[in-house]
Engineer: 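Please see the structure below; I have some questions.
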Amino acid sequence: MPTKTITSYEVLGQSIAPVANVPYITQGAFLQISNLENAAARVNILYIGTPPFVAASGAVSLFTNYIDQTGLANATSYPVADFLAAPVGFKGLTIPGKSTWLFGVQYLLAPGAAVPAVGVDARGFIQLEAAHGSKLLVLATTRQVFTNFSSDGPPGTVTDVSESAYAVPLQGGPEVIF
């Protein structure tokens with residue numbers, strides 16, 4: 001299948017500074033892919049990066065999922081082990097014609113968990129593979145959740161204090177024709 005580089009990514013779960021009792025951030029990378037054709041499109045979304053993703057580190061775990069054309073939140077989860085198997089990414093998926101799917105990759109801190117001493121991060125670029133002739137509309141977003149220490153819970157627990165999301169530039173623009 002033809003391959004095109006789409007954008008860069010940075011996925012992390014870590015303290016904002018390497019000292020005790022500072023705010024914590026989780027940042028995920030999300031792709032929205034619309035199949036503009038009537039026929040189904042077979043796709044692979046590959047994450048090429050250094051440092052690589054890890055499945056878990058203490059209270060922080062990698063979460064990979066996609067929402068298909070039914071639109072139900074967490075309608076379909078993509079197993080982390082399958083995501084991490086080489087090549088890293090979402091592989092062998094078929095997006096029906098005239099459908100839009102949302103793909104997400106993020107590190108999540110376990111609810112009520114103490115902030116880990118060592119954070120996790122992965123960064124690099126995303127490649128999209130699709131069958132020749134596929135016509136896709138791709139949008140990329142980074143989403144962040146900032147947390148801070150809670151005075152109400154056990155020592156070291158955090159609560160959400162701010163969230164943000166922003167579009168990420170795409171190489172060649174949002175329409176990708178293979």
Side-chain angles (χ1 to χ4, degrees), residues 5-33 43-68 71-93 101-129 138-170:
T5 298
I6 299 298
T7 191
S8 60
Y9 70 90
E10 181 180 40
V11 177
L12 53 88
Q14 62 190 19
S15 295
I16 292 175
V19 296
N21 298 326
V22 297
Y24 186 81
I25 181 174
T26 54
Q27 177 173 291
F30 297 84
L31 283 181
Q32 180 177 314
I33 301 178
V43 300
N44 294 321
I45 303 166
L46 307 178
Y47 293 75
I48 315 300
T50 302
F53 289 100
V54 296
S57 176
V60 180
S61 297
L62 183 63
F63 183 70
T64 56
N65 77 324
Y66 63 92
I67 299 172
D68 61 18
L72 298 175
N74 297 316
T76 308
S77 180
Y78 194 87
V80 170
D82 291 349
F83 179 86
L84 293 175
V88 173
F90 299 97
K91 299 164 290 267
L93 299 176
W101 286 19
L102 177 66
F103 297 86
V105 180
Q106 58 190 328
Y107 283 112
L108 298 178
L109 182 62
V115 171
V118 177
V120 289
D121 63 275
R123 65 182 59 84
F125 59 94
I126 300 171
Q127 290 184 327
L128 179 60
E129 293 180 344
V138 180
L139 302 173
T141 306
T142 293
R143 299 180 189 172
Q144 303 168 322
V145 176
F146 295 89
T147 56
N148 209 343
F149 289 92
S150 171
S151 58
D152 298 332
T157 60
V158 294
T159 56
D160 292 356
V161 293
S162 181
E163 298 180 13
S164 67
Y166 56 90
V168 178
L170 300 172

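Side chains included, hydrogens not; waters and symmetry mates left out as well; all remaining heavy atoms used.
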Engineer: Between Gln106 and Thr26, is there a side-chain heavy-atom distance shorter than 4.5 Å?
Structural biologist: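 No, their side chains stay 4.5 Å or more apart.
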
Engineer: Between Leu128 and Ile33, does a side chain to side chain contact (heavy atoms under 4.5 Å, CB included) hold up when you go through it step by step?
Structural biologist: CA-CA 10 Å; Leu128 179 60; Ile33 301 178; 4.0 Å; yes

Engineer: Between CZ of Phe30 and CG of Asn65, what distance do you get to the nearest 0.5 Å?
Structural biologist: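 Rounded to the nearest 0.5 Å, the CZ-CG separation comes to 7.5 Å.
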
Engineer: How far does CG of Asp68 sit from CH2 of Trp101, to the nearest 0.5 angstrom?
Structural biologist: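 Going from the CG atom of Asp68 to the CH2 atom of Trp101 covers 5.5 Å.
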
Engineer: Determine whether a donor-acceptor pair (N or O, by modelled atom type, separation under 3.5 Å) exists between the side chain of Asn44 and the backbone of Gly92.
Structural biologist: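 Judged by distance alone, yes, a pair lies under 3.5 Å.
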
Engineer: Can you name the closest pair of heavy atoms from Gly119 and Gln14 and give their distance?
Structural biologist: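 Closest pair (atom of Gly119, atom of Gln14, distance): CA-CB, 3.6 Å.
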
Engineer: Is the shortest heavy-atom distance from the side chain of Tyr66 to the side chain of Ile45 under 4.5 Å?
Structural biologist: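 They are not in contact (no side-chain heavy atoms under 4.5 Å apart), so the answer is no.
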
Engineer: Taking all atoms of both residues into account, what is the closest heavy-atom pair of Ser15 and Tyr24, and its distance?
Structural biologist: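 Nearest pair, atom of Ser15 first, then Tyr24: N-CD1, 3.5 Å.
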
Engineer: Please report the shortest heavy-atom distance between Val120 and Ser57, naming the atom on each side.
Structural biologist: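 Closest heavy-atom pair between Val120 and Ser57: CG1-CB, 3.2 Å.
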
Engineer: Looking at side-chain heavy atoms only, is the closest gap between Leu62 and Tyr107 below 4.5 Å?
Structural biologist: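 With C-beta onward as the side chain, the pair touches.
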
Engineer: Taking the side chain as every heavy atom from C-beta outward, state whether Val138 and Thr7 have any pair of such atoms under 4.5 Å apart.
Structural biologist: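 They are not in side-chain contact.
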
Engineer: Between atom CG of Leu170 and atom OG of Ser8, what is the distance when rounded to the nearest 0.5 Å?
Structural biologist: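 That separation rounds to 9.5 Å.
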
Engineer: Considering only heavy atoms from C-beta outward, does the side chain of Gln32 approach that of Thr141 to under 4.5 Å?
Structural biologist: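 Heavy-atom side-chain distance check fails, nothing below 4.5 Å.
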
Engineer: Starting at CD1 of Ile25, measure out to CG of Leu109 and round the result to the nearest 0.5 Å.
Structural biologist: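 Those atoms lie 12.5 Å apart.
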
Engineer: Between Tyr9 and Phe125, does the ring centre distance come in under 6.0 Å?
Structural biologist: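 No: the rings miss the under 6.0 Å criterion.
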
Engineer: Quick one: does Thr64's side chain get under 4.5 Å of Phe53's, heavy atoms only?
Structural biologist: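 Result no, sub-4.5 Å side-chain heavy-atom pair not found.
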
Engineer: Please check if the side chain of Lys91 supplies one atom and the backbone of Ala86 the other of a donor-acceptor pair under 3.5 Å.
Structural biologist: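 Side chain of Lys91 to backbone of Ala86, a donor-acceptor pair under 3.5 Å: no, none is there.
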
Engineer: Is there a side-chain contact between Glu129 and Leu46 in this structure, where contact means two heavy atoms from C-beta onward sitting under 4.5 Å apart?
Structural biologist: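 Yes, at least one pair of side-chain atoms sits under 4.5 Å.
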
Engineer: Does Tyr47 reach the side chain of Phe83, with side-chain heavy atoms less than 4.5 Å apart?
Structural biologist: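 Sidechains of Phe83 and Tyr47: in contact.
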
Engineer: Ser61 and Ala56: which non-hydrogen atoms are nearest, and at how many Å?
Structural biologist: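 For Ser61 and Ala56, the tightest heavy-atom pair comes out as OG-CB, 4.0 Å.
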
Engineer: For a side chain to side chain contact (heavy atoms under 4.5 Å, CB included) check, start with the C-alpha distance between Gln27 and Thr142, then their side-chain angles and the critical distance, and finish with the verdict.
Structural biologist: CA-CA 7 Å; Gln27 177 173 291; Thr142 293; 3.5 Å; yes

Engineer: Could you walk me through whether Phe103 and Leu93 satisfy the side chain to side chain contact (heavy atoms under 4.5 Å, CB included) test, starting with their C-alpha distance in whole Å, then the side-chain angles of each, then the deciding distance to 0.1 Å, before giving a yes or no?
Structural biologist: CA-CA 11 Å; Phe103 297 86; Leu93 299 176; 3.5 Å; yes

